[in-house]
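Note that ligands are numbered from 1 as they come in the structure, with each ligand's atoms numbered from 1 the same way.
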Amino acid sequence: MNVSELARQLNTTTTELYHLLPQFGFDIGRKAVKVDDRVAYKIITAWPPLYRKWQDEQKAKYSLNANEALKARAAGEETEKKVVPVPSAITVRDFAGRLNLPITTVIRELLKNGILASLNERIDYETANIIGGDLGVKIEPEVEKKGDEIDNTSLDRLKDILESEDKKDLEPRPPVVVVMGHVDHGKTRLLDAIRKTNVMAGEAGGITQHIGAYQVMVPFKNETQGKIENRSLTFIDTPGHEAFTVMRSRGAKVADIAILVVAADDGVQPQTKEAVKIIEAAKLPFLVALNKIDKPEADIDRVKSQLSEIGLQAEEWGGKTVIVPISAKAGMNIDKLLEMVLLLADIDKEKIVSNPNRRAVGTIVESHIDPQAGPVATLLVQSGTLRVGDNLAINFALYGRVKALKNWKGEFAKIAPPSMPVQILGFKVAPAVGDILEVPESVKGLEKKLKPSYLVQEKSVITQPIQVAAGEEAVAKKKYSIIIRADVLGSLEAILGALERMIHAEVGVDVVAKGLGSVTDAEILRAAATGAHILGFHVPIAPKAELLAKQKGVVIKHYKIIYDLLGDVKKELEKLLPPEVLREEFGKIDVLAIFRTEKKYQIVGGRVSEGRAENNVKTRIMRAGEQVGSGEVVELQAGRQKVKDALAGQECGLKLQTKDAVEVGDKIELYREEIKERKLGF
Ligand code: GDP
């Protein structure tokens, strides 16, 4: 049996299966595609109780962790926390594994912090640190990566390519620089200031684009030759809440040099220390930009002494750390800073090289869907040269073909040599930030290795009818059909991952189709044909499609927050759940006489044989043990008086609203019903 089939039968994912089976005593291997049928049968039989036990343990552990974290926080006992080493980037799955927590718990915590990450996506050290803290675990940088099984295939591939080059083919390339530091210390402002050094006032097309990275030319005095030469520097440009983006650690992976920004008025702060740890773990040469020296509160010496306290002794104080006082705002000393970066790069000259004459390979540093152009992404070329017409592959799956290349100034380019960030048009599928992109040797070779599951398929995905393990009865699940459109692959994967977890015996989500980009006629027609709702996440709808949706009565919902989307799906599933009926039985009456029979009601006399009789209750009319009708008591009399109830043994008269004729000798059973809407537990 295929592992995916087994996962389906167990109502789980293959990832979870690979993760849990060894713990459950079944070692099928991490990459097994098939499982022997007998083993599969054993797994199917053993799975339900083991899985329940595991879930209970996780719940206990999680709540324990949360409680411990709260207690520890209250008592300030940071030291008691479990310490987990984490590398500069780690997949969500591996991170959850290290924390010994369910992947969903980690994904949920990430979502709470505004990060949409699927289980295979990487988070950076800093994110892991914050999320770990929230989950009651202390995170520390893993300085040396031991040979443990991190799912690093594509990163390893990049490393292999970069390291396997023949020395004679290697040529110098521009250094790649990443800017790090505490929030508000001026990273964005510094990146802007550096960018401006290269855009001449009034320069044609002077509106620069934020494409995830940019390249500037720096005049540099060559001491030996005594002349000024222009040298390029590439900057990873990560705007927004960097502490929470994968980019930073990616930056550290793709960068040759780091600039640590420290505000002269604020000094060393927690994120400064974290950045230093990441830089040191990545063994990146770096210098300190002591920013905001224009401010009256700036105290350069105080910050320098704080820096030496964390092991960064300034050169002028006998240490090794280059510290350049700057003002990003006033544009002060930016040229000096860049010159120092180049000097630092020269020390590492032999490492800052690559082979420009090979098929391009690099890292995606930005990716989005353009309403007109479709998926657009920026590649930082790390080796080789990218050309218009080149095929694009990620993880041996074809992602498209280069239609056009643009630099950060928005100018078209024909080629992109090493260290050049370049925006690529021509993706069929949007890559994710951090993906390693490669120009494949041939598309033919790719097809063999093509992993269709990796691609977002546009074609309709018809969900399998639910399979049940032998011995269990099939339950017809009610399905909420949806078509999902999202802006980027990361969001789509996060949504799908969360939906996969919405497991319930009676109801389920049926993803009729999924894809990236705006909602078009194709989705509307498919929704109309299948009765699905269209859920759009950060995607627009083409005006024509909107009209069509109205005509066809198709429901389209737009979301900006993943929680809202998931919450709505849950509500829709709850609507499908048959309500819970709480029934209270409280008495039986033997019918002794029929006083009157009208079209809609009867007046009967009887004696309460069990429990009690009450007014305004429902009834079942029973004859010879079988139900022959139903009705409602609308009036109850005892001793010719209207009463609320009559007790066992008492005679009473009933006005019964019913269309079914009651006969002498029938039994009337009285009950009350409460309909309760059910809620889902996930
Ligand atoms: P980031 O969070 O590190 O990217 O910080 P920003 O670049 O957004 O800067 C935070 C704040 O500090 C902004 O209001 C900036 O205008 C201000 N800022 C940045 N650099 C300087 C500087 O050199 N001098 C002064 N006075 N303010 C600065």
Side-chain angles (χ1 to χ4, degrees), residues 88 113-115 123-127 129-130 176-199 208-214 216 233-252 254-255 257-279 282 284 286-304 306-307 310 312 314 322-341 365-366 378 408 421 433:
S88 55
N113 283 289
I115 307 157
I123 52 172
D124 61 346
Y125 173 82
E126 208 153 307
T127 307
N129 190 13
I130 292 162
V176 178
V177 187
V178 62
V179 175
M180 294 192 184
H182 193 73
V183 65
D184 274 348
H185 278 196
K187 299 178 291 293
T188 313
R189 193 81 195 228
L190 174 61
L191 281 162
D192 283 346
I194 296 170
R195 192 188 281 110
K196 273 194 209 121
T197 57
N198 249 230
V199 184
T208 60
Q209 323 271 315
H210 283 268
I211 64 166
Y214 64 80
V216 291
L233 274 179
T234 299
F235 282 85
I236 302 288
D237 177 11
T238 57
H241 46 260
E242 285 142 293
F244 283 113
T245 59
V246 186
M247 266 313 299
R248 177 180 288 179
S249 63
R250 291 311 189 154
V254 296
I257 288 167
I259 297 178
L260 177 69
V261 178
V262 185
D265 60 337
D266 198 28
V268 171
Q269 293 298 328
Q271 284 174 28
T272 318
K273 292 184 195 164
E274 295 295 350
V276 172
K277 280 187 195 161
I278 296 170
I279 292 169
L284 275 187
F286 71 101
L287 53 76
V288 175
L290 203 50
N291 191 29
K292 307 199 186 184
I293 53 161
D294 59 294
K295 285 184 113 175
E297 312 89 276
D299 187 343
I300 296 178
D301 281 348
R302 187 179 71 100
V303 184
K304 275 188 186 168
Q306 283 178 347
L307 284 167
I310 58 166
L312 309 181
V322 175
I323 300 179
V324 188
I326 64 159
S327 165
K329 189 176 174 186
M332 258 162 76
N333 268 356
I334 305 295
D335 46 354
K336 172 109 187 288
L337 180 77
L338 297 180
E339 197 184 316
M340 295 311 283
V341 170
V365 294
E366 199 274 341
T378 302
W408 64 279
V433 169

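Remark: ligand 1 and Ile326 share no N or O pair separated by less than 3.5 Å (distance only, no angle test). At least one N or O atom of Gly186, backbone or side chain, sits closer than 3.5 Å to an N or O atom of ligand 1.
Ranked by closest heavy atom to atom 4 (O) of ligand 1, the top entry among Thr188, Leu290, Val179 is Thr188. Looking at His182, Met180, Met332, Lys292 and measuring to atom 11 (C) of ligand 1, the nearest heavy atom belongs to Lys292. Distances from atom 16 (O) of ligand 1 to the heavy atoms of Lys187, His185, Arg189, Lys295 put Arg189 nearest.
Heavy-atom contacts of Asp184 reach the following atoms of ligand 1: 1 (P), 2 (O), 3 (O), 5 (O), 10 (C), 12 (O) (cutoff under 4.0 Å).
The pair Asp192-Arg195 meets the salt-bridge criterion, with a side-chain N (NZ, NE, NH1 or NH2) lying under 4.0 Å from an Asp/Glu carboxylate O.
The aromatic rings of Phe235 and Tyr214 lie parallel to each other, with less than 30° between the two planes, well short of the 60° mark.
Panel note: side chain Lys329, backbone Ile293; no donor-acceptor pair is recorded below 3.5 Å.
Taken from CG in Leu287 to CD1 in Ile279, the straight-line distance is 9.5 Å, to the nearest 0.5 Å.
In the model, His185 has a side-chain atom that pairs as donor or acceptor with a side-chain atom of Asp266 under 3.5 Å.
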